[in-house]
Amino acid sequence: MSSIKQFQVTFDCAEPERLARFWCEVLGYVVPPPPEGFATWDAFHRSLPPEDQGSWSACIDPSGVGPRLYFQRVPEGKVVKNRLHLDVRVGTGLVGEERLAALEAECTRLVPLGAVRVQLLYDGNDSCIVMQDIEGNEFCID
């Protein structure tokens with residue numbers, strides 16, 4: 001049996017395109033080109049039945065290293081804490097005040113994009129900041 005080399009992370013959400021664009025900003029990802037035969041994503045979505053228009057979006061790592069993120073519209077809202085979340089790794093290799101400063105700088109960048117700071121976890125050496133994206137999905141700046 002061969003091992004899986006690629007995977008996609010899927011988000012259930014209310015506004016797929018808006019959430020995809022938020023995560024593009026957070027991670028430096030991009031929206032992939034529209035399907036062949038369509039000049040724009042708007043043109044592609046207009047070709048779908050009305051109930052399917054805007055029902056999904058995606059973003060990709062332009063370097064091809066990170067996983068694809070897929071956002072699909074669902075009718076129900078978020079009710080409880082995520083069982084899975086993303087860790088945005090900005091403090092790798094840093095400790096103490098230096099790590100905390102890197103995490104705080106990233107938090108300061110993300111809040112104007114619509115992220116919400118929830119909680120700082122700091123023990124004097126290791127730290128992370130718990131955040132929420134624009135639809136309330138938890139993630140950590142790590």
Side-chain angles (χ1 to χ4, degrees), residues 1-122 125-142:
M1 177 180 223
S2 66
S3 64
I4 303 298
K5 302 292 185 207
Q6 292 185 344
F7 66 94
Q8 166 176 286
V9 178
T10 301
F11 290 74
D12 290 349
C13 60
E15 298 181 70
E17 182 179 350
R18 182 172 174 246
L19 195 55
R21 294 197 183 281
F22 170 84
W23 281 102
C24 282
E25 290 294 323
V26 171
L27 300 174
Y29 273 35
V30 297
V31 174
E36 190 172 323
F38 295 93
T40 66
W41 278 106
D42 284 340
F44 169 75
H45 286 294
R46 283 193 307 271
S47 74
L48 299 173
E51 64 274 10
D52 293 336
Q53 293 177 7
S55 65
W56 63 272
S57 190
C59 59
I60 57 172
D61 179 353
S63 71
V65 175
R68 179 178 189 249
L69 303 182
Y70 182 80
F71 305 88
Q72 61 187 7
R73 186 174 57 221
V74 296
E76 66 277 358
K78 183 178 179 298
V79 178
V80 298
K81 184 181 182 302
N82 301 4
R83 297 282 311 252
L84 172 80
H85 68 267
L86 301 183
D87 286 341
V88 178
R89 310 294 314 268
V90 299
T92 303
L94 303 176
V95 295
E97 293 297 320
E98 187 178 17
R99 177 180 174 83
L100 185 58
L103 274 54
E104 291 289 359
E106 184 66 1
C107 180
T108 298
R109 183 181 80 84
L110 299 181
V111 168
L113 300 175
V116 175
R117 181 189 182 116
V118 175
Q119 179 181 16
L120 169 65
L121 302 173
Y122 181 53
N125 188 44
D126 199 13
S127 55
C128 77
I129 300 175
V130 180
M131 307 279 295
Q132 290 179 336
D133 70 17
I134 58 174
E135 289 202 7
N137 300 301
E138 295 86 6
F139 69 98
C140 291
I141 300 174
D142 178 16

When rounded to the nearest 0.5 angstrom, what distance separates [atom1] in [X] from [atom2] in [Y]?
X	Y	atom1	atom2	value
Cys140	Leu86	SG	CG	9.5 Å
Phe22	Tyr29	CZ	OH	14.0 Å
Phe139	Leu84	CZ	CG	14.0 Å

Heavy-atom pair with the smallest gap, counting every atom of Gly54 and His45:
N-ND1, 3.4 Å
Minimal non-hydrogen separation, Cys59 against Cys24, with atom names
CB-SG, 3.3 Å
Please enumerate all residues that pass side-chain contact (heavy atoms from CB on, under 4.5 Å) together with [X], with sequence neighbours excluded.
X	value
Gln53	Leu48
Ser63	Asp61, Val65
Pro62	Val30
Pro34	Phe38, Trp41

Could you check whether any side-chain heavy atom of Leu100 comes within less than 4.5 Å of a side-chain heavy atom of Leu120, counting everything from C-beta outward?
yes
Return each pair, listed once, that meets salt bridge (Lys or Arg N to Asp or Glu O under 4.0 Å) where at least one residue sits in [range]; pairs must be two or more places apart or across chains.
range	value
residues 90-99	Arg99-Asp126, Arg99-Asp142
residues 67-87	Lys78-Glu138
residues 37-54	none

Can you sort out the partners of Tyr70 under ring pair (Phe, Tyr, Trp, His ring centres under 6.0 Å), two or more places apart, ordered by chain and number?
Trp56
Partners passing side-chain hydrogen bond (donor to acceptor under 3.5 Å, both in side chains) against [X] (at least two apart in sequence or in another chain):
X	result
Glu17	Arg21
Gln72	Asp12
Asp133	Trp23, Asn137

List, one per line, each side-chain donor-acceptor pair under 3.5 Å for residues 101-116, sequence neighbours excluded.
residue	atom	partner	partner atom	Å
Glu104	OE1	Arg117	NH1	2.6
Glu104	OE2	Arg117	NH2	2.9
Glu106	OE1	Arg109	NE	3.1
Glu106	OE2	Arg109	NE	3.4
Glu106	OE2	Arg109	NH2	2.8
Thr108	OG1	Glu104	O	2.9
Arg109	NH1	Glu25	O	3.0
Arg109	NH2	Glu25	O	3.4
Arg109	NH2	Val26	O	2.8

So, does Gln119 use its side chain to make a donor-acceptor pair with the main chain of Ile129 at under 3.5 Å?
no
When you look at Cys128 and Tyr122, which way does the side-chain contact (heavy atoms from CB on, under 4.5 Å) test go after all the steps?
CA-CA 7 Å; Cys128 77; Tyr122 181 53; over 6 Å; no
Please determine whether side-chain contact (heavy atoms from CB on, under 4.5 Å) holds for the pair Val88 and Val90, giving the CA-CA distance in whole Å, both sets of side-chain angles, and the decisive distance to 0.1 Å.
CA-CA 6 Å; Val88 178; Val90 299; 4.1 Å; yes
